[in-house]
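Okay, so here's the structure we're looking at.
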Amino acid sequence: MTEREDDLDLRLRRCREEVDREIERLLGKDSGIPERLREAMGYSLRAGGKRLRPFLCISAAELSGCPAESVLPMAVALEMFHTASLIHDDLPCMDNDPLRRGKPSNHMVFGEGLATLAGDSLLLWAFETAILNLLPVFPAERILGAISEFAKAIGPSGVCAGQVLDTDPSSRESEVDFVWKIASLKTGALIRASVLAGGILGGLEDVKMEALYNYGTHLGLAFQVVDDILDVTGNSEQIGKTPGKDSVQGKITFVSTYGMEKARRIARDESLKAIESLSCFGPEADPLRSLARVLLDRSS
Ligand code: GRG
């Protein structure tokens with residue numbers, strides 16, 4: 001591990017700890033959430049996960065010297081939605097996976113009805129958490145900007161669109177770039193929105209926001225290509241879900257479209273493009289650069 005990656009490791013750990021602490025605070029007993037629903041939401045929020053989206057949001061905000069704790073509500077909101085999307089993705093009516101983050105999927109423990117409601121609740125709680133907790137700290141127009149980016153990214157022309165293209169056979173397109181479209185919507189949109197939300201809250205100027213937009217776009221693609229590769233090469237202990245499901249379910253992936261070798265090349269190219277996008281920043285963007293490098297070699 002290089003010194004920079006060592007530093008990244010420490011930052012990632014700190015981010016995980018801060019996010020986890022905030023999640024525990026929010027899930028506290030006076031939350032007004034019925035006990036069984038709170039258990040179901042907490043089960044998936046506490047099941048682990050890399051907390052990548054919060055890290056992206058915090059690192060982007062820090063580019064302008066904005067302290068991590070001030071954007072924590074936005075970072076946690078991104079993780080709440082991400083967790084909601086994983087719960088819904090695992091349902092029998094979607095990807096039907098009994099395993100997530102190395103544990104039985106939410107519906108395996110709480111049943112399909114409660115799992116659906118836990119996902120719905122996390123989606124809506126994300127907005128409540130971000131808006132109410134950012135309001136005392138940031139000007140309303142920045143909050144509105146960040147929340148708009150988030151909402152646009154996860155709605156019917158973002159993550160939900162990607163999930164439909166990925167799972168609904170009648171929405172399938174035959175063009176070779178269909179796989180790029182699925183990846184950029186299903187996975188890339190939220191990854192990009194994570195850096196954009198942090199950048200907006202930090203008040204970054206337009207040129208730097210454009211750089212973050214490009215970084216998020218390329219990182220999101222690289223991330224999904226590696227995800228497709230890990231579905232073939234990983235085991236359930238590493239990836240925390242059932243491996244090999246993409247080919248069993250006839251999914252269109254970078255590996256099925258281009259083969260393993262070219263998929264690896266695409267991941268490398270996209271990761272490089274992500275790093276190049278940050279050329280207008282100095283060393284303050286090193287955590288984002290290191291992350292793009294490290295995610296290429298991830299095994300989980
Ligand atoms: C409206 C709640 C709601 C859902 C939207 C179900 C759905 C519709 C979307 C699913 C999108 C999806 C599962 C995309 C895959 C993204 C992806 C690569 C997830 C894995 O992310 P990691 O590796 O996971 O960061 P951890 O567990 O580390 O957080």
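Atoms within each ligand, like the ligands themselves, are counted from 1 in listed order.
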Does the N or O separation between [X] and ligand 1 drop below 3.5 Å for any pair?
{"X": "His82", "answer": "yes"}
{"X": "Arg53", "answer": "yes"}
{"X": "Lys50", "answer": "yes"}
{"X": "Asp227", "answer": "no"}

Listed by chain and number, what are the salt bridge (Lys or Arg N to Asp or Glu O under 4.0 Å) partners of Lys152, not counting sequence neighbours? Glu149
With ring pair (Phe, Tyr, Trp, His ring centres under 6.0 Å) as the criterion, how do Phe150 and Phe127 come out once you've worked through the C-alpha distance, each side chain's angles and the decisive distance to 0.1 Å? CA-CA 9 Å; Phe150 179 38; Phe127 286 92; 5.0 Å; yes
Considering non-hydrogen atoms of the protein only, which is the closest contact for [atom], and what is the distance?
{"atom": "atom 5 (C) of ligand 1", "value": "Cys160 SG, 3.7 Å"}
{"atom": "atom 10 (C) of ligand 1", "value": "Gln163 OE1, 3.3 Å"}
{"atom": "atom 2 (C) of ligand 1", "value": "His88 ND1, 3.4 Å"}
{"atom": "atom 6 (C) of ligand 1", "value": "Ser85 O, 3.4 Å"}
{"atom": "atom 27 (O) of ligand 1", "value": "Arg101 NE, 2.8 Å"}
{"atom": "atom 14 (C) of ligand 1", "value": "Lys186 CG, 3.3 Å"}

Looking at Tyr213, is Arg192 sitting on its ring face, NZ or CZ under 6.0 Å from the six-membered ring centre and within 45 degrees of the normal? yes
Residue Val159 vicinity, atoms of ligand 1 by number, heavy atom under 4.0 Å: 9 (C), 11 (C)
Can you list the atoms of ligand 1 that are under 4.0 Å from a heavy atom of Gly49? 26 (P), 27 (O), 28 (O), 29 (O)
Should the proximity of Gln224 to ligand 1, defined as any heavy atom under 4.0 Å, be assigned to the side chain, the backbone, both, or neither? side chain
Is the contact between Leu122 and ligand 1 made by the side chain, the backbone, both, or neither, using heavy atoms and a 4.0 Å cut-off? neither
Side chain Arg298, main chain Ser300, donor-acceptor under 3.5 Å: yes
Residue selection (non-hydrogen contact nearest atom 16 (C) of ligand 1) among Ile191, Asp97, Leu230, Thr187: Thr187
Carboxylate-amine/guanidinium proximity below 4.0 Å for [X] and [Y]:
{"X": "Lys241", "Y": "Asp227", "answer": "yes"}
{"X": "Glu175", "Y": "Lys181", "answer": "no"}
{"X": "Glu22", "Y": "Arg25", "answer": "yes"}

Decide if atom CG of Asp177 counts as having more than 12 heavy atoms of other residues, nucleotides or ligands within a radius under 6.0 Å. yes
Is Leu288 close to Leu219 at the side-chain level, that is, under 4.5 Å between some pair of heavy atoms? no
Correct closest heavy-atom pair for Val225 and Ala263 would be CG1-O, 3.1 Å
